[in-house]
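To start, the structure itself, in structure tokens.
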Amino acid sequence: MAITIQYERPVSYAAQWARRLSLFSCALFVVVVAAHRFGPLTTPHFLVLAAFACGVAALAVLMAAVGLARLWHVGARGGKASLIALLFALLPLGVAAAAVYSYIYKPALYDVTTDTNAPPPWIVEPVAEKGWRARAQTITPQDRQLQLDAYPALSGRRYEGALDRVYQGVRKVSDAYGIRIVAEDGLDNILTDLEDLAVDPAKAEQGAEALGDVPIPEARPLETPLMPHLGSAGDVMVQGEWRSLVFGLRFDVVIRLREEAETTLVDMRAASRTGAHDLGIGADLVEGYLKALDAELLGIAGD
């Protein structure tokens, strides 16, 4: 009588747990990012929870490696679970790897500007995120030199256009770029030009008959400034807040417009609200904004 021997493969519990942990870490990471980008989660808490999710994902990868080793040596079940674990761990660990790379190879700066000699001043002084470790509030000449060495091409723009025309382009690009304007200064330098551009639709429809009804010009009342003018006389300052598209990291931005010899010089400054290292995001923000402004003011850009 023949005896049939059925071989039962062992099961790798490490692979099963690796799949569970990787699914948990990926789901946690996505929820944390969404809560920070669109919800009330603060940046310090976001970083802690994201680091925890990455730690769980790293543990899942180690257990998946054990499962694959068991599959190779004794043919244990769990190869598919290990591959699934590695797949779902890619998201949190990939983001963590990119952040670590930027932290190591990008300069340790949180404030960058296109004018390192005389940066645009803040209209409203930015406040760093609460609950984060203290950072130096004063930008030293060494920091500016570090920026010059790391981002030598980061410079302002000069446009062969009037101050009011460039200001309109700055506001339009700011809206399109997601920069929320919070303060402005020096608008009295372009107020007259902007008023001349305005056209009353009701009066425009009256045609030639309305030309006889010309109001008597009156003297413009003197405007009392609410605060001292920032920067040099004639400068226009625009300050706003910006959040990165995916992770919602907060940055303060200030743009300075200065009229020089029938041209307008635009300089920009960006500062992170969290930590002493912006991972290079600030320089990318400034460079991307100025390229968008070049496209908006195409045809009047100078050297």
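No experiment lies behind these values; they were computed from the predicted model shown.
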Review point. Would you say the side chain of H36 lies within less than 4.5 Å of the side chain of R243, judging by non-hydrogen atoms?
Key: yes
Point to revise | Closest heavy-atom pair and its distance - S155, R157 | key: O-NH1, 3.1 Å
Review point. Would you find a donor on one side and an acceptor on the other, under 3.5 Å apart, between the side chain of S272 and the backbone of F251?
Key: no
Exercise for review: Please answer: with hydrophobic residues joined when any side-chain heavy atoms are less than 4.5 Å apart, are L265 and V238 in the same cluster?
Suggested key: no
Review point. Among the clusters formed by ILVMFWY side chains lying less than 4.5 Å apart, do W17 and L68 turn up in the same one?
Key: no
Exercise for review: Supply the atom-to-atom distance Y167 OH to I255 CD1, rounded to the nearest 0.5 angstrom.
Suggested key: 10.5 Å
Review point. Which pair of non-hydrogen atoms, one from P152 and one from D149, has the smallest distance, and what is that distance?
Key: CD-O, 4.0 Å
Review point. So do the side chains of R250 and T274 get within less than 4.5 Å of each other, counting heavy atoms only?
Key: no
Check your understanding: Hey, are the side chains of L28 and V56 touching, using non-hydrogen atoms and a 4.5 Å cut-off?
Key -> no
**Study point:** Separation between CG of D111 and CG of D278, rounded to the nearest 0.5 Å
**Key:** 9.0 Å
Review point. How long is the span from the OG1 atom in T263 to the CD atom in E160, to the nearest 0.5 Å?
Key: 7.5 Å
Check your understanding: Are W242 and S174 close enough that some pair of their side-chain heavy atoms sits under 4.5 Å apart?
Key -> no
Review point. Does a side-chain heavy-atom distance below 4.5 Å link L109 with D143?
Key: yes
Review point. Does R144 reach the main-chain N or O of T116 with its side chain, forming a donor-acceptor pair under 3.5 Å?
Key: no
Review point. Does OH in Y177 sit with more than 12 non-hydrogen atoms of other residues, nucleotides or ligands closer than 6.0 Å?
Key: yes
Check your understanding: Under the 3.5 angstrom rule, does the side chain of Q239 hit a backbone N or O of I123 as a donor-acceptor pair?
Key -> yes
Practice item. Report whether V182 and L187 are members of the same hydrophobic cluster (ILVMFWY, side-chain heavy atoms less than 4.5 Å apart, transitive linking). Key: no
Practice item. Establish, from distance only, whether the side-chain atoms of D164 and Q168 form a donor-acceptor pair under 3.5 Å. Key: no
Point to revise | Heavy-atom donor-acceptor pair, S244 side chain to V246 backbone, under 3.5 Å | key: no
Check your understanding: Got a second to check how far L21's CG is from C26's SG, nearest 0.5 Å?
Key -> 13.0 Å
Point to revise | Greater than 12 external heavy atoms within 6.0 Å of E262's CD | key: no
Practice item. Answer yes or no: are there more than 12 heavy-atom neighbours, outside F247 itself, under 6.0 Å from its atom CZ? Key: yes
Exercise for review: Let me see the working for E259 and V166 under side chain to side chain contact (heavy atoms under 4.5 Å, CB included), right down to the final yes or no.
Suggested key: CA-CA 10 Å; E259 199 166 32; V166 178; over 6 Å; no
Review point. Any donor and acceptor pair, going by atom type alone, linking the side chain of Y289 with main-chain N or O of V170 inside 3.5 Å?
Key: yes
Check your understanding: Within a strict 4.5 Å, meaning less than it, do heavy atoms of the L249 and L279 side chains meet?
Key -> no
Review point. Below 4.5 Å, heavy atoms only, C-beta onward: do L293 and Y159 meet side chain to side chain?
Key: yes
Check your understanding: Atom CZ of R165 and atom CG of L163: how far apart are they, to the nearest 0.5 Å?
Key -> 12.5 Å
Practice item. Start with the C-alpha distance between R256 and R269, add both sets of side-chain angles, then the distance that settles side chain to side chain contact (heavy atoms under 4.5 Å, CB included), and finish with yes or no. Key: CA-CA 9 Å; R256 180 179 65 196; R269 182 179 180 183; over 6 Å; no
Check your understanding: Does one hydrophobic cluster hold both M63 and V61, with members joined at side-chain heavy-atom distances below 4.5 Å?
Key -> no
Check your understanding: Excluding sequence neighbours, so at least two apart, what forms salt bridge (Lys or Arg N to Asp or Glu O under 4.0 Å) with R180?
Key -> E241
Review point. Shortest non-hydrogen contact from V66 to A14?
Key: CG1-CB, 3.8 Å
Review point. If you look at every heavy atom in G275 and Y110, which pair is closest and at what distance?
Key: O-CB, 3.8 Å
Exercise for review: Give the minimum heavy-atom separation between S102 and H277, together with the two atoms involved.
Suggested key: O-CE1, 3.7 Å
Without placing hydrogens or testing angles, list every side-chain donor-acceptor pair under 3.5 Å for residues 76-100, not counting sequence neighbours.
unit_1: S82; atom_1: OG; unit_2: A64; atom_2: O; d: 3.3
unit_1: S82; atom_1: OG; unit_2: G78; atom_2: O; d: 3.0

Check your understanding: Measuring from C54:SG to L59:CG, what's the distance to the nearest 0.5 Å?
Key -> 13.0 Å
Point to revise | Validation row: P126, R273 side chains within 4.5 angstrom (heavy atoms) | key: no
Review point. Which heavy atom in P120 sits nearest to a heavy atom in D267, and how many Å separate them?
Key: CG-CB, 4.0 Å
Check your understanding: Can Y101 be reached from L47 by stepping across I, L, V, M, F, W or Y side chains whose heavy atoms are under 4.5 Å apart?
Key -> no
